Every structure is written in structure tokens, then in C-alpha cells.
Asker: 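Shown below is the structure under consideration.
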Amino acid sequence: MYDKVLVPLGDSDDSRSVVKALSGLVAEGGEAILLHVISPGKTKGHGDFVVLGTQLEEDQRSQALVVLNRLSNELNEASIKSTVSVVVSNSVVGCIVNFADKESVDLIAMYTHGRKGIAKLLKGSTTNDVRTHTRIEVQAFAAPELAQIGAG
């Protein structure tokens, strides 16, 4: 069991399903930190209208906070203390690694697609990239094992 667990979450329901595994990871009195990284917004023109990058970021931040707060409430109901954070960064991997260091977490719990072979080569793996850039333990969860946790 870990005292402080960082859970980087993406936009997919699959990545959010890692939250199911936290009851077996977070120690009593411990904390889970739910993190969502968004890319910097780019200003876009639409005819006579301009949508500022900062407006796009704020919209993404608001949407992410709705989801993270819902997940945090579910954790709190399961007696797992949690906090949420949305960070703007050009590098998802760098942001996760830096955030984990700054917060002095014991574990980074992440969803993995479990790609192999050419798919892994072409699409890469955020989880593997985080592993290679941090000394903090990284535990990866794939859909099949999360399905077993949900069923158990």
C-alpha cells in the first residue's frame, strides 16, 4: 500500500477506469491525486470570430475538472482521500514526471493500452516513457485486469 499515489488520467473512459484499482493501492490515511494534462490552446480564427487559445484551455480545464471531481467524489465515498489537478503542458510525459516529483508521490498508477510490436512502435507508450524518465515506481493497468477488478 502507498501513502501518495498519482493517477494521470486522459480523456478516455478506459484511462479513467484506473480509479477502480485505487482501493488496493492507497494506504489507509493515504491520498490519491488525480491529474489531467491538457495541451496549450492555440488561437483559431473562424470567419469574423477569433477563439483565443486561453479560452480553449479554460474550456478543456472546466470539462476535465467536472470529470475529475466526479471521480474524486467516488473515491471519497470509498474512504479514499483524493485531490484533483489540471495542468497545461506541451509534454504530457514531462508534466507527469515533474508533478510526481513535486508532490513526492510513492507510486504513479496509469492506464496502458498494452500495445505490442508495430503498434507500440508507431503510437508509442506514455506509460513506458514515464517509466524511463522517473525513479518513482510506475504501475500500469490494462483493460483486462481493470475489468477483473471491476467484476471482483
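What you see is a predicted model, and the numbers here were worked out from it, not measured in a lab. In what follows, residues are counted from 1 in the order of the sequence shown.
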Asker: Return the minimal non-hydrogen interatomic distance between L75 and A32, and the atom names on each side.
Answerer: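 Minimum heavy-atom contact is CD1-CB, 4.3 Å.
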
Asker: Is there a side-chain contact between D106 and V5, using heavy atoms and a 4.5 Å cut-off?
Answerer: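 The answer is no; the side chains never approach within 4.5 Å.
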
Asker: Which residues satisfy the side chain to side chain contact (heavy atoms under 4.5 Å, CB included) test with A27, sequence neighbours excluded?
Answerer: M1, D3

Asker: Which residue pairs satisfy the side-chain hydrogen bond (donor to acceptor under 3.5 Å, both in side chains) criterion with at least one member in residues 33-49, sequence neighbours excluded?
Answerer: D11-H36

Asker: Looking at residues at least two apart in the chain, or sitting in another chain, which of them share a salt bridge (charged side-chain N to carboxylate O under 4.0 Å, His left out) with R131?
Answerer: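 Partners of R131 by the salt bridge (charged side-chain N to carboxylate O under 4.0 Å, His left out) criterion come out as none, since no residue qualifies.
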
Asker: Members other than V93 in its cluster, when Ile, Leu, Val, Met, Phe, Trp, Tyr link by side-chain heavy atoms under 4.5 Å?
Answerer: L6, I33, L35, V37, V87, V92, I96, V97, F99, V105, I108, M110, V130, I136, V138

Asker: Sorted by first residue and then second, give each salt bridge (charged side-chain N to carboxylate O under 4.0 Å, His left out) pair with at least one member in residues 85-100; sequence neighbours left out.
Answerer: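 Residue pairs with at least one partner in residues 85-100: there are none.
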
Asker: Can you sort out the partners of S72 under side chain to side chain donor-acceptor pair (under 3.5 Å), two or more places apart, ordered by chain and number?
Answerer: S82

Asker: Can you find a pair of side-chain heavy atoms, one from L25 and one from F141, that are under 4.5 Å apart?
Answerer: yes

Asker: Between CG of N98 and OG of S91, what distance do you get to the nearest 0.5 Å?
Answerer: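 Between atom CG of N98 and atom OG of S91 there are 8.0 Å.
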
Asker: Hydrophobic side-chain clustering at under 4.5 Å (ILVMFWY, transitive links): who's grouped with V50? Put none if nobody.
Answerer: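 ILVMFWY cluster around V50 also holds L52.
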
Asker: Take L9 and L71, measure what side-chain contact (heavy atoms from CB on, under 4.5 Å) needs, and give me the verdict at the end.
Answerer: CA-CA 11 Å; L9 301 169; L71 293 170; 3.8 Å; yes

Asker: Would you check if E31 and V26 make a side-chain contact, meaning some heavy-atom pair closer than 4.5 Å?
Answerer: no

Asker: Can you sort out the partners of N73 under side chain to side chain contact (heavy atoms under 4.5 Å, CB included), two or more places apart, ordered by chain and number?
Answerer: N76

Asker: Among all residues two or more places apart in sequence or in another chain, which pass the side chain to side chain donor-acceptor pair (under 3.5 Å) test with T54?
Answerer: none

Asker: Which residues pass the salt bridge (charged side-chain N to carboxylate O under 4.0 Å, His left out) test with E137, sequence neighbours left out?
Answerer: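 Partners of E137 under the salt bridge (charged side-chain N to carboxylate O under 4.0 Å, His left out) test: none.
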
Asker: Which donor-acceptor pairs under 3.5 Å do side chains of residues 60-69 form with protein atoms, sequence neighbours excluded?
Answerer:
unit_1, atom_1, unit_2, atom_2, d
R61, NH1, V86, O, 2.9
S62, OG, E58, O, 3.0
Q63, NE2, D59, OD1, 3.4
Q63, NE2, D59, OD2, 3.0
N69, ND2, L65, O, 3.1

Asker: Mind listing the closest non-hydrogen atom pair of S17 and Y111 along with its distance?
Answerer: OG-CD1, 4.4 Å

Asker: Would you mind listing every salt bridge (charged side-chain N to carboxylate O under 4.0 Å, His left out) that reaches into residues 87-103, with sequence neighbours excluded?
Answerer: K4-E103

